[in-house]
Amino acid sequence: MTMQPAGTEIASRTAAIVQELKGLEGPLLPILHGIQEEFGHVPQDALPVIAEALNISKAEVHGVVTFYHDYRSHPAGRHVLKLCQAEACQSMGSDAIAAKLKQLLGIGFHETARDGSVTLEPVYCLGLCACAPSAMLDGEVIGRLDDEKLDEIAAEVRS
Amino acid sequence: MIPRIYVPGDSGALALGAEKVAKAVEKELADRGIEAKIVRNGSRGAYFLEPMVEVATANGRVAYGPVKPSDVKSLFDCGFLTGGYHKRWLGAPDKIPFLAKQTRLTFARCGVINPLSLDHYKAHGGLKGLQNAVGLAPADIVKQVTESGLRGRGGAGFPTGIKWKTVLETTADKKYIVCNADEGDSATFADRMIMEGDPFVLIEGMAIAGIATGATKGFVYIRSEYPHAVAMMEKAVEVARKAGLLGVNVLGSPNAFDMEIRVGAGAYVCGEETSLLNSLEGKRGVVRAKPPLPAIQGLFGKPTVINNVISLASVPVIMDKGAAFYKNFGMGRSRGTIPIQIAGNVRYGGLFEAAFGMTLGEIVDDIGGGTATGRPVKAVQVGGPLGAYFPRSLFDTPFDYEAFAAKDGLIGHAGITVFDDTADMLRQARFAMEFCAIESCGKCTPCRIGSTRGVETIDKIARGIEPEKQIELVTDLCNTMKFGSLCALGGFTPYPVMSAINHFRDDFKPAPVAEAAE
Ligand SMILES: Cc1cc2nc3c(=O)[nH]c(=O)nc-3n(C[C@H](O)[C@H](O)[C@H](O)COP(=O)(O)O)c2cc1C
Ligand code: SF4
Ligand code: FES
Ligand code: FES
């Protein structure tokens, strides 16, 4: 497991992010994005800091965090692999790709490998539908997935 | 003149290895001691040829593709800097049939220019629309957009000019232009391509919208699945601001307009306009009841134009060449051009901009070249996850809003997914229900609960448990969803489900025992 920062440290780093962004019109999503980028997830200890600075209830912040698929409540693995499961990728065999990848990595969707190497997530379209099936590894796009590319991905996340 | 080499930086090209190709070109240039400029252009949209590398020669651009990193050395050996022959040689890019057959109005520059060079943008006709607009009264800009016949390209097909008119005529201390770049539909990538390949056309369109309606602030809400588009738009806004295209005096006029890029957080429903506004405000992306219309009470309660990327990016050419020019393309009440995105199991996948009116069959068979697997086409989903599945028997349907509606389908954002004969339409119907359940904002019971019931009922059909009765149940459920949902997520999920059932009934019959052997 990666080391978790202490509650007070989370609070102070959160406060800095909030301070920087709170002047925006509708600052909550940019702030949450900033926090997830900083910590890799949105820690519980960040919520009261945001709530107080924006003058909204902690329940409201919690409600927003849980509404969106992107915000994680727990840290992800060192790599995040998003595999497209939407229709255009389905038409090119994304189901079989998913099955093979799950087997290679030994995890299912929304799971993180025990060694913390990788988190696997489904995604519904990456805009690479003319290069299906597709995936995104740590923000890098990959198209026309085949067995060879899956093996490369598996090797990369383990290294 | 030092040679110019174009290697696309578009996500689709990157997904097919363009970055490695660019690196290989760089290395080869260094090894050979050749001085050249590498331009990272957008994609022209012929993804079956990406990564497509081009060189600017004395006789114009010459294209090569699809280029692998291992091809690069031999490209140099074949003299590709002067257009020399190589097995990947494609000749002049605008003569490639897939591109030559198109009518490129909105995408005229995409893949051609350096996306971040305002000089290239202007050299290729950019900013003329905005220049015309700053000299006009707002009502006259609105009139031109209305007369062009432009309808919203985000899905609903609402006339853009009429929406703008409402905002213009509503008085308020502040108004907004919101660009919907959530592009969540499977099979769509037109918004992404424009943002990555010609970001200034969107900025220009938004500035015109601002001047036309009296709005001074714009937001582009881009889905988080598009990090490259986000980065490109942010850079382009910076360039535009420095050049005085955005700011207190747009192009030196008394009009103020500035904009910000915002990133979504992975919710499909946030593409629905009122949910998007809530999300921008920092709330849960729950759909709002209408009225009030966003045009009257939108972002932060202020009058707001909310338009799709392609709607806004089509405005500059209208303001440049005139409403009549644009309106001349198309058929019926579908005027102008539409960037059709041909995706999925298809041989020639990519973006094809054409006047409305081509038949579905022409698009799939002639332009798309049939399936990538070479097997027969079984079904084509048009309009993303809320769009209907079309069988071959409906391939004579022309690409036109009304013609698709008449066949119980929709054009949506003009994405087309091709499936070969191995597709199981029961699974596709099940997925439509499942997707609705995953992405529902939770406000309406038919959408939130009905979709989960839909999945369970379709599962029973698959297991052969009273299939006829289950089909009746699903049909009933679809009716409830259609009429009892606030937005099109719950309201249109019946399209893919019922079209699969109605056109591909065999897939909903109990599986014959022999299939276990397959
Ligand atoms: C569930 C749902 C998702 C939608 N997603 C998008 C989208 O990603 N992009 C978009 O432009 N419109 C989307 N729309 C349509 C918008 O609500 C709205 O009609 C559109 O942004 C208006 O712009 P236009 O008139 O320029 O098309 C969606 C609608 C629904 C119901
Ligand atoms: S139909 Fe579904 S997504 Fe749309 S408002 Fe109702 S619950 Fe929300
Ligand atoms: S459906 Fe997979 S990238 Fe669009
Ligand atoms: S591509 Fe540079 S000016 Fe035309």
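Note that the coordinates shown come from a computational prediction; the quantities given were computed from them, not determined experimentally. Every heavy atom of this structure was used, including side-chain atoms; hydrogens, water molecules and symmetry mates were not. Sequence lines set the chain letters: A, B, ... in the order given, protein chains first and strands last, and positions in each chain run from 1.
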At a heavy-atom distance under 4.5 Å, which candidate from B/S224, B/P496, B/S279, B/A267 has the highest pair count against chain A? B/S279
I'd like to check A/E25 versus B/K217 (side-chain heavy atoms, cut-off strictly below 4.5 Å). Are they in contact? yes
Taking B/E281, B/E260, B/M193, B/R192 one by one, which has the highest count of heavy-atom pairs under 4.5 Å against chain A? B/R192
Between A/V64, A/L28, A/I56, which has the largest tally of heavy atom pairs under 4.5 Å with chain B? A/V64
If I take atom CE from residue A/M136 and atom NE2 from residue B/H228, how far apart are they, to the nearest 0.5 angstrom? 7.0 Å
Relative to chain B, which of A/L32, A/T66, A/L128, A/I31 shows the most heavy atom pairs under 4.5 Å? A/L128
Among the listed options A/Q90, A/E87, A/E140, the residue most often paired with chain B at heavy-atom distances under 4.5 Å: A/E87
So, the part of B/I438 with a heavy atom under 4.5 Å from chain A: the answer is both
Between B/Y47 and A/C131, which heavy-atom pair has the shortest distance, and what is it? CD2-SG, 4.0 Å
Quick one: closest heavy-atom pair of B/T417 and A/A88, and the distance? CG2-CA, 3.5 Å
Return yes when atom NE2 of A/H62 has more than 12 non-hydrogen atoms of other residues, nucleotides or ligands closer than 6.0 Å, and no otherwise. no
Portion of B/S11 that has a non-hydrogen atom of chain A nearer than 4.5 angstrom: both
Do other residues, nucleotides or ligands put more than 12 heavy atoms under 6.0 Å from A/R144 CZ? yes
Between the main-chain N or O of B/G264 and the side-chain N or O of A/H33, is there a donor-acceptor pair closer than 3.5 Å? yes
If one checks every heavy atom of B/D185 against chain A at 4.5 Å, the contacting part turns out to be backbone
How many angstroms lie between atom SG of A/C129 and atom CD1 of B/I416, to the nearest 0.5 angstrom? 12.5 Å
Taking every non-hydrogen pair under 4.5 Å, which of B/A432, B/G184, B/G285 racks up the most with chain A? B/G285
Hey, which of B/A372, B/G384, B/A343, B/G350 has the most heavy atom pairs under 4.5 Å with chain A? B/A343
Which one wins on heavy-atom pair count under 4.5 Å against chain A: B/P385, B/P227, B/G349, B/G415? B/P385
Would A/S91 and B/V418 count as a side-chain contact (heavy atoms from CB on, under 4.5 Å) here? Give the steps. CA-CA 7 Å; A/S91 77; B/V418 180; over 6 Å; no
Quick check on the 6.0 Å ring-centre criterion: do B/Y268 and A/Y124 meet it? no
So which heavy atom on A/G127 is nearest to which on B/F189, and how close? O-CB, 3.3 Å
Against chain A, label B/Q428 side chain, backbone, both or neither, depending on which of its atoms sit under 4.5 Å from a heavy atom there. side chain
Assess whether atom NZ of A/K149 is packed by more than 12 heavy atoms of other residues, nucleotides or ligands within 6.0 Å. yes
Heavy-atom distances under 4.5 Å only: say whether A/V123 touches chain B with side chain, backbone, both or neither. side chain
Applying a strict 4.5 Å limit to non-hydrogen atoms, the region of B/L14 in contact with chain A is both
Given a strict heavy-atom distance threshold of 4.5 Å, which part of B/Y348 is in contact with chain A: side chain, backbone, both, or neither? neither
Are more than 12 heavy atoms, taken from residues, nucleotides or ligands other than A/E156, located less than 6.0 Å from that residue's CD atom? no
Under a 4.5 Å cut-off applied to non-hydrogen side-chain atoms, are A/F67 and B/C441 in contact? yes
Using the side-chain contact (heavy atoms from CB on, under 4.5 Å) rule, take A/C125 and B/R223 through it: C-alpha gap first, then chi angles, then the decisive distance, then the call. CA-CA 11 Å; A/C125 194; B/R223 63 202 300 256; 4.3 Å; yes
Tell me, yes or no, whether the heavy-atom count around A/E9 atom CD, taken from other residues, nucleotides or ligands under 6.0 Å, exceeds 12. yes
Measure B/S186 against the heavy atoms of chain A and call it side chain, backbone, both or neither at under 4.5 Å. both
Of all heavy-atom pairs between A/M92 and B/N345, which one has the smallest distance, and what is that distance? SD-CA, 3.4 Å
To the nearest 0.5 Å, what is the distance between OH on B/Y221 and CG on A/L29? 6.0 Å
Above 12 or not: heavy atoms from other molecules or residues under 6.0 Å from CZ of B/R427? no
Heavy-atom pairs under 4.5 Å with chain A - which of B/E183, B/R262, B/K283, B/Q381 has more of them than the others? B/R262
